[in-house]
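A quick write-up on the structure given underneath.
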Amino acid sequence: MSGGSASPPATGLVAGRAAAVAADVDRLFDRLLAVPDDPRRRLYEAMRHAAMDGGKRLRPLLVQAASDLFNISRDSALRVGVAVECIHVYSLVHDDLPAMDDDDMRRGKPTVHRAFDEATAILAGDCLHDLAFEILADEETHPDPFVRIELVKALAVASGTSGMAGGQMMDLEAEKASFDLPTVTRLQQLKTGALIAVCVDAAAIMARIPPEGRMRLHGYARDIGLAFQIADDLLDVEGDAVLAGKALGKDAAAGKETFVSLLGVERAREQARLLVEQAKAHLHGHGPEADLLRAIADYIVERDR
């Protein structure tokens with residue numbers, strides 16, 4: 001691992017915790033999405049198809065990693081991570097629809113509208129969105145109602161026009177206009193970075209850290225969010241579609257500007273590494289409890305999917 005950190009190698013530490021978190025996420029989804037014996041069965045099956053058995057689970061892992069800083073219970077961190085994952089998965093289900101990206105494969109299996117149908121996919125996405133806030137509002141997530149409502153607000157802001165959905169709208173507009181680097185950066189800070197940031201912020205909210213005490217964590221989240229997107233843009237050009245579990249090269253085919261098209265491969269790769277080092281520098285006041293956050297920063301640019 002680069003950057004002189006004394007923390008363990010990124011891939012090993014992240015892989016071990018990620019596998020455990022992924023298993024916990026699937027177990028909770030299995031419980032929350034138990035299939036009823038009534039006409040809603042197909043809807044639940046579509047939600048399970050979208051949410052279970054796949055994906056990097058980076059967002060639940062980030063919630064767990066940030067929670068390590070504050071001794072937040074694993075159960076609370078898991079529930080918040082699953083809420084964020086619900087929003088992420090719903091966005092993928094809708095993003096894959098013919099009206100948007102019209103993708104056939106996601107996470108190595110048919111997209112929901114291909115495995116089921118478009119109407120069911122729309123409803124499955126809607127219900128995953130709703131489930132996120134149902135989870136956060138439940139006292140099982142956190143005993144303090146003021147913490148729960150702050151979590152609800154934070155995820156709502158990160159999901160809407162000032163976050164992910166706003167970035168997705170900019171992404172649609174990118175097919176009709178030529179965006180410069182600041183605009184592409186803003187697009188990705190909203191589309192990808194907002195949900196990544198809320199994962200880290202959620203741990204501070206559960207620990208009742210006031211907003212002014214979260215600035216370094218915000219800096220960490222901002223930097224890894226951009227590094228993640230640059231790495232995604234590099235994988236879109238250089239990656240393996242089988243490993244990625246989805247079609248690659250679609251941005252270039254659609255004529256969209258990306259970090260790679262604007263910076264070139266080598267400058268984009270160097271920018272991602274600089275962002276990772278910058279992200280880890282925001283954690284300099286923490287000890288081993290931040291090792292997983294440091295490792296995730298490195299993993300973001302080392303991954304192959």
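These figures come from a predicted structure and were not determined experimentally. Computed over heavy atoms, backbone and side chain alike; hydrogens, waters and symmetry mates excluded.
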Should the pair [X]-[Y] be classified as a salt bridge under the 4.0 Å nitrogen-to-oxygen rule?
X	Y	value
Arg303	Asp298	no
Arg114	Asp96	no
Glu150	Arg214	yes
Arg57	Asp26	yes
Lys280	Glu277	yes
Asp30	Arg27	no
Arg31	Glu140	yes

From CA spacing to verdict: salt bridge (charged side-chain N to carboxylate O under 4.0 Å, His left out), Asp117, Arg42: CA-CA 10 Å; Asp117 55 75; Arg42 184 174 175 83; 3.0 Å; yes
Contacts of Phe29 that satisfy ring-ring contact (aromatic ring centres under 6.0 Å, His included) - sequence neighbours left out: none
Do [X] and [Y] sit in the same hydrophobic cluster, where Ile, Leu, Val, Met, Phe, Trp and Tyr count as joined when their side-chain heavy atoms come under 4.5 Å apart?
X	Y	answer
Phe116	Leu92	no
Ile230	Val265	yes
Phe133	Val84	yes
Leu151	Leu32	yes
Val147	Ile72	yes

Going by heavy atoms in the side chains, are [X] and [Y] under 4.5 Å from each other?
X	Y	result
Thr141	Ile135	yes
Leu195	Leu155	yes
Leu292	Leu61	yes
Phe70	Ile209	yes
Leu217	His282	no
His129	Val93	no
Arg269	Phe259	no
Thr185	Gln189	yes

Identify the heavy atoms of [X] and [Y] that sit nearest to each other, and give their distance.
X	Y	value
Leu190	Ala194	O-CB, 3.4 Å
Pro36	Arg41	O-CB, 3.7 Å
Leu33	Leu131	CD2-CD2, 4.0 Å
Gly55	Arg107	CA-NE, 3.3 Å
His113	Asp103	CE1-O, 3.1 Å
Val112	Ala50	CG2-CB, 3.6 Å

[atom1]/[X] to [atom2]/[Y] distance, rounded to the nearest 0.5 angstrom?
X	Y	atom1	atom2	answer
Thr111	Leu97	OG1	CG	8.0 Å
Glu257	Leu187	CD	CG	11.5 Å
Met206	His142	CE	NE2	7.0 Å
Ile300	Ile224	CD1	CD1	4.0 Å
Phe179	Glu173	CZ	CD	6.5 Å
Asp233	Gln188	CG	CD	6.0 Å

Are the side chain of [X] and the backbone of [Y] linked by a donor-acceptor contact shorter than 3.5 Å?
X	Y	result
Ser261	Thr258	yes
Arg294	Leu283	yes
His49	Pro110	yes
His284	Ala281	yes
Lys256	Lys176	no
Tyr220	Leu293	yes
Glu289	Gly287	yes
Arg59	Glu85	no

Pair Val198-Val63, side-chain contact (heavy atoms from CB on, under 4.5 Å): steps then yes or no: CA-CA 9 Å; Val198 82; Val63 177; over 6 Å; no
Residues Leu275, Arg222; criterion side-chain contact (heavy atoms from CB on, under 4.5 Å); working and verdict: CA-CA 9 Å; Leu275 285 164; Arg222 180 191 63 241; over 6 Å; no
side-chain contact (heavy atoms from CB on, under 4.5 Å) between Tyr90 and Asp126, intermediate numbers included: CA-CA 7 Å; Tyr90 115 75; Asp126 290 346; 5.6 Å; no
Salt bridge (charged side-chain N to carboxylate O under 4.0 Å, His left out) assessment of Arg48 paired with Asp53: CA-CA 9 Å; Arg48 291 172 68 93; Asp53 303 319; over 6 Å; no
